[in-house]
Visitor: 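Here it is, the structure in full.
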Amino acid sequence: MNQQICEQANLDDEELTAVLLHELGHVFNMYKQEPIPTLIYCLKTNTTYNADLEAKTKEENSIYNEYYADYFVVKNGYSQQLIKSLKKYTNLDFAINHDQIAKRIQMIQNGDCEFTGILKELKPMVK
């Protein structure tokens, strides 16, 4: 989310903290992406190109990047604030990825958000 979206969603200070932690999670808890099997990649690796597989890999990399960033928020104790901010975002007229956001919220609520990524152990940054 950018500043304009945060303002339009009317996020409070704790929700903004959760959003900032999520963005830091993209840096501090990075998902090791699967290589995207583009046509050039397949030519280089002498494998068969499949457009559906390319699209699926891109989508999986995208959602896992979000899950790993969400885990950083959860680990720092702002899961409920992140859920609130995501719900506020989905209420905006121009919001996208509703299904993906619903899955993220469900994972956080169910406690299925255990993605340590590149960092083996995360230490809470804020409380």
Side-chain angles (χ1 to χ4, degrees):
M1 282 192 215
N2 63 33
Q3 181 180 355
Q4 184 179 11
I5 293 172
C6 290
E7 288 171 0
Q8 288 177 341
N10 198 27
L11 301 183
D12 65 28
D13 288 345
E14 288 196 342
E15 293 161 350
L16 281 170
T17 299
V19 169
L20 291 173
L21 284 169
H22 172 85
E23 296 307 324
L24 284 173
H26 284 297
V27 176
F28 294 123
N29 195 33
M30 294 171 48
Y31 168 64
K32 186 175 181 213
Q33 294 190 359
E34 292 295 319
I36 298 172
T38 61
L39 180 58
I40 292 172
Y41 175 85
C42 291
L43 288 171
K44 286 181 179 180
T45 59
N46 199 27
T47 56
T48 304
Y49 175 73
N50 181 321
D52 291 335
L53 181 58
E54 179 182 359
K56 182 180 176 194
T57 304
K58 283 180 181 178
E59 183 179 334
E60 286 178 359
N61 280 343
S62 173
I63 189 70
Y64 274 98
N65 277 327
E66 298 306 315
Y67 290 161
Y68 278 68
D70 289 347
Y71 176 70
F72 190 74
V73 178
V74 171
K75 191 72 172 172
N76 283 284
Y78 279 79
S79 57
Q80 293 309 309
Q81 294 85 350
L82 179 60
I83 290 170
K84 284 190 216 173
S85 70
L86 290 170
K87 286 180 178 179
K88 285 182 176 181
Y89 168 73
T90 58
N91 288 329
L92 298 174
D93 291 336
F94 55 84
I96 58 173
N97 297 326
H98 286 86
D99 291 340
Q100 188 182 85
I101 291 171
K103 288 178 190 174
R104 289 171 56 197
I105 290 171
Q106 184 178 14
M107 287 191 71
I108 295 166
Q109 288 173 330
N110 293 342
D112 295 334
C113 199
E114 287 290 325
F115 299 98
T116 56
I118 289 175
L119 298 179
K120 301 266 185 211
E121 183 177 328
L122 300 175
K123 296 184 180 174
M125 292 181 57
V126 292
K127 280 284 179 178

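Quick note: numbers below take in every heavy atom, side chains included, and nothing from hydrogens, waters or symmetry partners.
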Visitor: Tell me if a side-chain donor or acceptor on Lys88 pairs with a main-chain N or O of Leu11 at a distance below 3.5 Å.
Guide: no
Visitor: Looking only at atom types and distance, does a side-chain atom of Asn50 sit under 3.5 Å from a main-chain N or O of Leu53, one as donor and one as acceptor?
Guide: yes
Visitor: Glu54: which residues meet the side-chain hydrogen bond (donor to acceptor under 3.5 Å, both in side chains) condition with it, sequence neighbours left out?
Guide: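 Once residues adjacent in sequence are excluded, the partners of Glu54 under the side-chain hydrogen bond (donor to acceptor under 3.5 Å, both in side chains) criterion are Tyr49, Lys58.
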Visitor: I'd like to check the salt bridge (charged side-chain N to carboxylate O under 4.0 Å, His left out) partners of Lys84; sequence neighbours left out, ordered by chain and number.
Guide: none
Visitor: Report yes if some heavy atom in the side chain of Leu82 is under 4.5 Å from a heavy atom in the side chain of Tyr78; otherwise report no.
Guide: no
Visitor: Mind checking side chain to side chain contact (heavy atoms under 4.5 Å, CB included) for Ile96 and listing every partner two or more places apart, or none if nothing turns up?
Guide: Tyr89
Visitor: Does Glu7 have any salt bridge (charged side-chain N to carboxylate O under 4.0 Å, His left out) partners at least two apart in sequence or in another chain, and if so, which?
Guide: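 Partners of Glu7 by the salt bridge (charged side-chain N to carboxylate O under 4.0 Å, His left out) criterion come out as none, since no residue qualifies.
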Visitor: Side chains of Val19 and Cys6: does their closest heavy-atom pair fall under 4.5 Å?
Guide: yes
Visitor: Answer yes or no: is there a side-chain heavy-atom contact under 4.5 Å between Ser85 and His22?
Guide: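 When only atoms from C-beta onward are counted, His22 and Ser85 do not touch, as no gap falls below 4.5 Å.
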Visitor: Could you state the interatomic distance from CD (Glu34) to NZ (Lys56), rounded to the nearest 0.5 Å?
Guide: 11.0 Å
Visitor: Take Ile83 and Leu86 through the side-chain contact (heavy atoms from CB on, under 4.5 Å) test and state the conclusion after the steps.
Guide: CA-CA 5 Å; Ile83 290 170; Leu86 290 170; 5.6 Å; no
Visitor: Between Phe94 and Gln8, is there a side-chain heavy-atom distance shorter than 4.5 Å?
Guide: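 Gln8 reaches Phe94 side chain to side chain.
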Visitor: Do the ring centers of Tyr71 and Tyr68 come within less than 6.0 Å of each other?
Guide: no
Visitor: Please check this pair: side chain of Asn65 against backbone of His26, looking for a donor-acceptor N/O pair closer than 3.5 Å.
Guide: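 Looks like no, no N/O pair under 3.5 Å.
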Visitor: If you look only at pairs with a residue in residues 92-108, which of them pass as a salt bridge (charged side-chain N to carboxylate O under 4.0 Å, His left out), with sequence neighbours excluded?
Guide: Glu66-Arg104, Asp70-Arg104
Visitor: Is the count of non-hydrogen atoms from other residues, nucleotides or ligands lying under 6.0 Å from Ile40 atom CD1 greater than 12?
Guide: no
Visitor: Could I get the full list of side-chain hydrogen bond (donor to acceptor under 3.5 Å, both in side chains) partners for Thr48, not counting sequence neighbours?
Guide: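 Once residues adjacent in sequence are excluded, Thr48 has no partner under the side-chain hydrogen bond (donor to acceptor under 3.5 Å, both in side chains) criterion.
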Visitor: Quick check against the 3.5 Å criterion: does Glu60 have a side-chain atom that pairs as donor or acceptor with the backbone of Thr57?
Guide: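 No, because the side chain of Glu60 does not come within donor-acceptor range (under 3.5 Å) of the backbone of Thr57.
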Visitor: Let's go through Leu24 and Phe72 carefully: what are the C-alpha distance in whole Å and the side-chain angles of both, what is the deciding distance for side-chain contact (heavy atoms from CB on, under 4.5 Å) to 0.1 Å, and is it a yes or a no?
Guide: CA-CA 8 Å; Leu24 284 173; Phe72 190 74; 4.0 Å; yes
